[in-house]
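We use all heavy atoms of the structure for the numbers below, so side chains are in, but hydrogens, waters and symmetry mates are not. In each ligand, atom 1 is the first atom listed, and ligand 1 is the first ligand listed.
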Amino acid sequence: MQKAAQTYSTLLILCLTLITGCVSEPSSDDKGLKEVSSFPIGGAVEIRQVLQDSSLRSIILNNFNSITATSDMKMYAIAPRDSVYNWDKADSLVDFSQRNDLRLFGHTLVWHSGTPRWVFQKASEDSVWLGNFLKTYIQEYVGRYKGKVAAWDVVNEGFDTQGGEYRETLWYNKLGKEYIANAFRYAHEADPEADLFYNDFNLERDTAKLNGVLKMIEELKADNVPITGLGVQMHLRMDIPDSLIRESVRKMAATGLKIHFSELDIIFNRHDDTRGGGEQLYSRVTPEMLEEQAQKYETVAQIYREEVPEAQQFGITFWDFTDRDTWINPFFDLKDWPTIYDSELQPKPAYYGFRKGLSE
Ligand code: XIL
């Protein structure tokens, strides 16, 4: 009898363990990035790929609550020819983001590399036309997605690759530096609720460039230009010192603007920022290198949490999030492993490192 009771209670405990095991919260090991983060986590996507690739889609839906288009929302995609707008992909991105409760980030309104050829041709004959086009393009585009695109990179890479000078783009050469203030004003008129960012690269490592951008931000604010955010792309390299990154992020946060790590990836090799190929230092990746990369991802998340006040934490976005799809390899003609998922779409140590940095 006693034996039967014992067996019964053992069975009961076993059942309860099984049941509670089934209904309990997933352990933190199973949680996606967005679940452990107190601020939005995003990924850059191409809508065609998202709709076709269900593995990629589940990575997005498990981990992100924000998305940015890698190229579908650039000027050459939206206005491919004179007087022709192509809204299809942006419409699909809006639809996908709304169905899945994702914040949609608009990248980017004005960017030298995103400017289509026909705009260069037309502007070469007529600067007044370019000024008018800037206004109608931004107002039509931002107005169309009012309330649907949460925030915009209004101007991307308006400073030289190195140092603190304005980049001499078509926009700058024809319209002067006022094109930046005007772009923000037009966007704000079209959607007063949208957050408006200035976005650039190497700000975390090039102090002269950061100082130039900070000076511009001060001037814009003094002129009541409606800028609300600073995007730092964060195309990092393993050998960029953490202390330098931290110090730079502290200065960015001191602007009071929302701070977006807008295009995070971390390479082992070297970019050539003037393009034409990078420098291949490592031909293969070892487990030790992957661990070091995990540590760097963790540190980046920690720096963001520690240096950016909560009210200014707009979020962290990965620029491609699989080593299969990373833009780094074709763009810089490199073989690198910069993201948090490997080429088989499995989470790398970097994934776990970053997640740890978000929560510990
Ligand atoms: C890149 C895309 O990822 C590539 O697919 C495309 O060929 C070129 O543009 N900084 C930016 C992004 O602001 O728009 C760039 O995206 C990467 C560098």
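Ring orientation note: the planes of Y341 and F321 are nearly perpendicular, at an angle over 60° on the 30°/60° scale.
Atom NZ of K146 sits in a sparse spot, with 12 or fewer heavy atoms from other residues, nucleotides or ligands closer than 6.0 Å.
Considering each of M73, E46, K74, E263, the one bringing a non-hydrogen atom nearest atom 18 (C) of ligand 1 is E263.
Scanning all protein heavy atoms for the shortest distance to atom 5 (O) of ligand 1 gives S71 OG, 4.1 Å.
Of all heavy-atom pairs spanning R355 and V36, the tightest one is CG-CG2, 3.5 Å.
Below 4.0 Å from some heavy atom of H107 lie the following atoms of ligand 1, by number and element: 11 (C), 12 (C), 13 (O), 14 (O). Each of the following atoms of ligand 1 lies closer than 4.0 Å to a heavy atom of Q233: 10 (N), 11 (C), 13 (O), 18 (C). Heavy-atom contacts of W327 reach the following atoms of ligand 1: 3 (O), 17 (C), 18 (C) (cutoff under 4.0 Å). Numbered from 1 in the order shown, with element, the atoms of ligand 1 that lie under 4.0 Å from a heavy atom of E157 read 10 (N), 11 (C), 13 (O).
Residue-level proximity to ligand 1 for N156 is carried by the side chain, the only part with a heavy atom below 4.0 angstrom. Residue contacts with ligand 1, taken as heavy atom pairs separated by less than 4.0 Å, involve W319 solely via side-chain atoms from C-beta onward.
Both cation-pi conditions hold for K209 and F201: the charged atom is under 6.0 angstrom from the six-membered ring centre and inside a 45 degree cone around its axis.
In this structure, Y179 has its ring center no closer than 6.0 Å to that of Y166.
Salt-bridge check for R99 with D95: passed, with a basic side-chain N closer than 4.0 Å to an acidic carboxylate O.
Residue F201 places no heavy atom under 4.0 Å from ligand 1.
Distance check on atom 3 (O) of ligand 1: some protein heavy atom falls below the 4.0 Å cut-off.
Side-chain N or O atoms of R305 include one that pairs as donor or acceptor with a backbone N or O of G357 at under 3.5 Å.
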